[in-house]
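Each remark here refers to the structure printed beneath this line.
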Amino acid sequence: MKRALISVSDKTNIVEFAQALVKQRVEIISTGGTKKVLDEAGIPTISIEEVTGFPEMMDGRVKTLHPLIHGGLLGRRDLDSHLDAMKEHNIQPIDFVCVNLYPFKETISRTDVTPEEAIEQIDIGGPSMLRSGAKNFASVTVVVDAADYTKVIEELQTNGQTSLETRKALAAKVFRHTASYDALIADYLTELSGEEDAESVTVTYNKKQSLRYGENSHQSAVFYEDPMASGFSIAKATQLHGKELSYNNIKDADAAIRMAREFDEPVAVAVKHMNPCGIGIGETIEEAFNRAYEADSISIFGGIVVLNREVSLAVAEKLHKIFLEIVIAPSFSKEAFDLLSSKKNIRLLELDFSKAAEAGKEMVSVLGGLLIQDQDWIAESDKPEWKVVTETKPTDEQIKALALNWKVVKHVKSNAIVVGNTTQTLGIGAGQMNRIGAVKIAIEQAEGQAEGAVLASDAFFPMDDSVEYAAKHGIKAIIQPGGSIKDQASIDKANEYGIAMVFTATRHFRH
């Protein structure tokens with residue numbers, strides 16, 4: 001008679017699965033809470049203690065770690081030496097393992113969890129049984145996901161056994177699952193220990209969706225989600241309308257919400273190809289959108305708009321007139337949603353902005369490796385390192401304008417220049433190979449509005465030509481990190497033209 005070992009934390013459909021196994025003349029071994037559930041359902045079970053001869057001990061920490069369990073899982077049925085050892089030590093084969101693990105992720109997701117509580121949810125016996133059974137997939141069927149119960153039962157009913165192909169696929173799933181589980185534990189304990197530069201890194205992601213294609217139509221792609229992701233992420237956004245997000249949609253949307261995160265006041269962010277094409281703030285979200293749109297009414301076409309306040313009907317009426325790929329907001333009024341959703345292809349997403357201040361690590365893949373760094377997240381409004389380096393001092397209004405555009409420039413691909421005022425960007429120069437080129441593009445995009453505006457540069461000026469060009473086109477104040485060996489040349493040029501210049505001592509390269 002075949003045997004199954006069932007021990008699950010998540011008991012979804014476990015009674016039905018066990019009943020189906022019993023109908024296929026499978027004897028069931030079970031433990032603790034799982035055995036109680038099966039017993040109450042009238043399903044005959046054998047306790048672990050009956051198999052091992054040892055009681056559960058140490059608050060359940062030790063119950064399944066025993067040769068009579070693991071021998072039954074690991075013993076090869078095609079080797080006489082293994083069969084002889086099993087016979088000699090009275091080890092009965094275990095043909096099915098159905099185990100899912102202690103809820104470690106759910107436990108550490110709680111804001112009030114203590115280290116002691118987290119550690120008690122580190123499963124030891126479960127992964128051990130899963131790995132033992134999965135290693136021996138030639139003979140053992142291992143199920144870690146309730147979604148696979150039906151397939152296993154159907155094969156048993158049809159063929160009396162699962163196929164080797166199925167057992168192999170289930171084994172691979174087990175090792176992915178235990179690796180992911182261990183990765184979360186490793187990450188948690190690494191953070192708990194205060195380790196900043198570990199000798200290795202373990203990361204895990206769960207599949208969210210297959211994508212139609214990647215950056216281009218000949219590239220395949222899949223979207224995976226960090227299981228511990230902040231609530232403020234595209235992976236956590238709720239899509240209310242429109243077709244599935246594409247690879248490029250996801251990258252652009254991520255860039256857009258990072259920009260919107262910089263602002264507490266009503267802000268509208270328009271993004272194209274991961275660069276802002278217009279950002280506006282205002283007393284109301286409608287006023288903010290008007291300014292974002294006016295900043296670049298051409299590039300916004302086919303772009304993504306993020307608003308950090310509810311979308312009203314008045315704002316929706318303006319959005320409706322433009323071809324947009326995505327609109328992201330904390331919420332949409334019913335009237336706004338009804339109007340915008342009348343467009344078949346626009347995607348409407350709701351996102352919780354209450355967690356927007358959270359910022360952790362970010363990862364970028366390179367050929368053969370992975371780069372990990374802190375996100376570029378600084379409370380710029382504190383301005384602790386800002387220093388006026390010119391004879392002309394910025395006015396209060398100019399300081400306000402410099403602060404806004406300094407927040408924006410760090411989200412623009414380097415070399416980056418942003419020209420703007422106190423409420424909106426006016427021109428953006430992105431991704432240029434030299435800084436003067438970025439300056440020229442930003443001022444050209446400002447279309448004559450640069451007179452009296454401010455300019456933000458993500459990195460220092462290597463020479464004074466950018467300052468001179470800005471001055472000749474009406475820029476009255478500049479903000480930049482400073483740090484060039486030719487800083488004095490730029491300061492002298494600013495003094496020559498009566499421009500106020502502020503050094504921040506913080507660079508914002510974005511590659």
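Below, all heavy atoms of this structure are taken into account, side chains as well, without hydrogens, waters or symmetry copies.
Summarising the geometry, atom CD1 belonging to Ile279 is positioned 6.0 Å from atom CE belonging to Met259; distances are rounded to the nearest 0.5 Å. Atoms CG and CD1, from Leu319 and Ile300 in turn, are 7.5 Å apart once rounded to the nearest 0.5 Å. To the nearest 0.5 Å, atom OG of residue Ser331 and atom CG of residue Leu351 are 11.0 Å apart. The distance from the CG atom of Leu5 to the OG1 atom of Thr31 is 7.0 Å, given to the nearest 0.5 Å. Note that CG of Asp264 is 8.5 Å distant from CG of Asn308, once rounded to the nearest 0.5 Å.
Residue pairs meeting the ring-ring contact (aromatic ring centres under 6.0 Å, His included) criterion with at least one member in residues 154-195, sequence neighbours excluded, are Phe104-Tyr188. Sequence neighbours left out, the pairs with a member in residues 108-164 that pass ring-ring contact (aromatic ring centres under 6.0 Å, His included) are Phe17-Tyr149.
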Starting from the C-alpha separation in whole Å, work towards a yes-or-no answer on side-chain contact (heavy atoms from CB on, under 4.5 Å) for Val15 and Val37. CA-CA 8 Å; Val15 169; Val37 168; 3.7 Å; yes
Apply the test side-chain contact (heavy atoms from CB on, under 4.5 Å) to residues Gln24 and Lys2: give CA-CA distance (whole Å), side-chain angles for both, the deciding distance (0.1 Å), then the verdict. CA-CA 9 Å; Gln24 296 300 312; Lys2 293 185 181 296; over 6 Å; no
Could you go through Tyr293 and Lys318, starting from their C-alpha distance and side-chain angles, then the distance that decides it, and tell me whether this counts as side-chain contact (heavy atoms from CB on, under 4.5 Å)? CA-CA 10 Å; Tyr293 177 75; Lys318 296 179 179 183; over 6 Å; no
Go through the steps for Leu245 and Ile326 under the test side-chain contact (heavy atoms from CB on, under 4.5 Å), then give the verdict. CA-CA 9 Å; Leu245 299 178; Ile326 304 173; 3.7 Å; yes
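Listed for the Ser180 side chain is no donor-acceptor partner under 3.5 Å among the backbone atoms of Arg176. Judged purely by atom type and a 3.5 angstrom limit, Asp145 uses its side chain to pair as donor or acceptor with the backbone of Ala147. Proximity of a side-chain donor or acceptor of Ser193 to a complementary backbone N or O of Thr190 within less than 3.5 Å is detected. The closest donor-acceptor contact from the side chain of Asn275 to the backbone of Val412 lies at 3.5 Å or more, if one exists at all. In this structure, the side chain of Asp123 engages the main chain of Tyr102 through a donor-acceptor pair within 3.5 Å. Distance alone, capped at 3.5 Å, places no donor-acceptor pair between the Glu225 side chain and the Pro227 backbone. In this structure, Lys355 contributes its side chain and Gly231 its backbone to no donor-acceptor pair below 3.5 Å. Between the side chain of Arg291 and the main chain of Ile281, a donor-acceptor pair closer than 3.5 Å is present. In terms of modelled atom types and a separation under 3.5 Å, the side chain of Asp226 and the main chain of Tyr205 share no donor-acceptor contact. Here the side chain of His89 pairs no donor or acceptor atom with the backbone of Ile91 at under 3.5 angstrom.
Remark: the Asp187 side chain and the Thr202 side chain contain no N/O donor-acceptor pair separated by less than 3.5 Å. Using modelled atom types and a 3.5 Å distance limit, the side chains of Ser230 and Ser233 yield no donor-acceptor pair. Between the side chains of Thr12 and Asp10, at least one donor N or O lies within less than 3.5 Å of an accepting N or O. With 3.5 Å as the limit, one finds no donor-acceptor pair spanning the side chains of Thr284 and Glu287. If you check the side chains of Lys243 and Ser246, you find no donor sitting under 3.5 Å from an acceptor.
When every heavy atom of Cys98 is checked against every heavy atom of Ile14, the shortest pair comes out as SG-CD1, 3.7 Å. Minimum interatomic distance between Ala118 and Ile108 (heavy atoms only, all atoms of both residues): CB-CG2, 3.8 Å. Shown here for Trp377 and Lys410, the closest heavy-atom pair between the two residues is CA-NZ, 4.0 Å. The minimum heavy-atom distance linking Ala292 with Gly280 is given by the pair CB-N, 3.7 Å. Taking all atoms of both residues into account, the shortest heavy-atom contact from Val142 to Leu170 is O-CB, 3.2 Å. Minimum interatomic distance between Leu307 and Ala268 (heavy atoms only, all atoms of both residues): CD2-CB, 3.9 Å.
Using a 4.5 Å heavy-atom threshold, the side chains of Leu404 and Phe263 count as touching. At a threshold of 4.5 Å between non-hydrogen side-chain atoms, the residues Leu184 and Met228 count as touching. Ile250 has its side chain within reach of Leu211: a pair of non-hydrogen atoms, C-beta onward, lies under 4.5 Å apart. Put simply, the side chain of Glu215 reaches to within 4.5 Å of the side chain of Asn248, judged on heavy atoms. Under the 4.5 Å side-chain criterion, counting only non-hydrogen atoms from C-beta, Leu21 is in contact with Ile6. Side-chain contact between Arg3 and Val51 is present, with heavy atoms from C-beta onward closer than 4.5 Å. In this structure, the side chains of Val201 and Ile372 come closer than 4.5 Å at one or more pairs of heavy atoms. In this structure, the side chains of Ile43 and Gln19 come closer than 4.5 Å at one or more pairs of heavy atoms.
For His273, the NE2 atom is loosely surrounded, since the number of other residues' heavy atoms within 6.0 Å does not exceed 12. More than 12 non-hydrogen atoms from other residues, nucleotides or ligands lie less than 6.0 angstrom from NZ of Lys173. No more than 12 heavy atoms of other residues, nucleotides or ligands lie within 6.0 Å of CZ in Arg25, so this atom counts as exposed by the packing criterion. Heavy atoms from other residues, nucleotides or ligands lying under 6.0 Å from CD of Glu283 number 12 at most. Other residues, nucleotides and ligands contribute over 12 non-hydrogen atoms within 6.0 Å of the CG atom of Asp112.
Salt bridge annotation for Asp296-Lys272: absent, with no cationic side-chain nitrogen under 4.0 angstrom from a carboxylate oxygen. The residues Lys35 and Glu49 are annotated as not salt-bridged, no charged nitrogen and carboxylate oxygen being separated by less than 4.0 angstrom. A salt bridge does not link Arg507 to Asp458: none of the charged side-chain nitrogens sits closer than 4.0 Å to a carboxylate oxygen. Taking 4.0 Å as the cut-off between side-chain N and carboxylate O, Lys321 and Glu317 do not count as a salt-bridged pair. Ion pairing of Arg510 with Asp376 is absent here, as no side-chain N (NZ or NE/NH1/NH2) approaches a carboxylate O to less than 4.0 Å. Using a 4.0 Å cut-off between a side-chain N of Lys or Arg and a carboxylate O of Asp or Glu, Arg77 and Asp95 qualify as a salt bridge.
Judged as a side chain to side chain contact (heavy atoms under 4.5 Å, CB included), and not counting sequence neighbours, the contacts of Ala314 are Glu286, Ser312. Remark: His511 engages Phe509 in a ring-ring contact (aromatic ring centres under 6.0 Å, His included) (not counting sequence neighbours). By the side chain to side chain donor-acceptor pair (under 3.5 Å) test, Thr141 is found to be paired with Thr162, residues two or more places apart in sequence or in another chain being considered. In this view, Glu154 and Thr150 satisfy the side chain to side chain contact (heavy atoms under 4.5 Å, CB included) rule, not counting sequence neighbours.
Partner of Leu73 under the side-chain contact (heavy atoms from CB on, under 4.5 Å) criterion, chosen from Met129, Arg131, Lys135: Met129.
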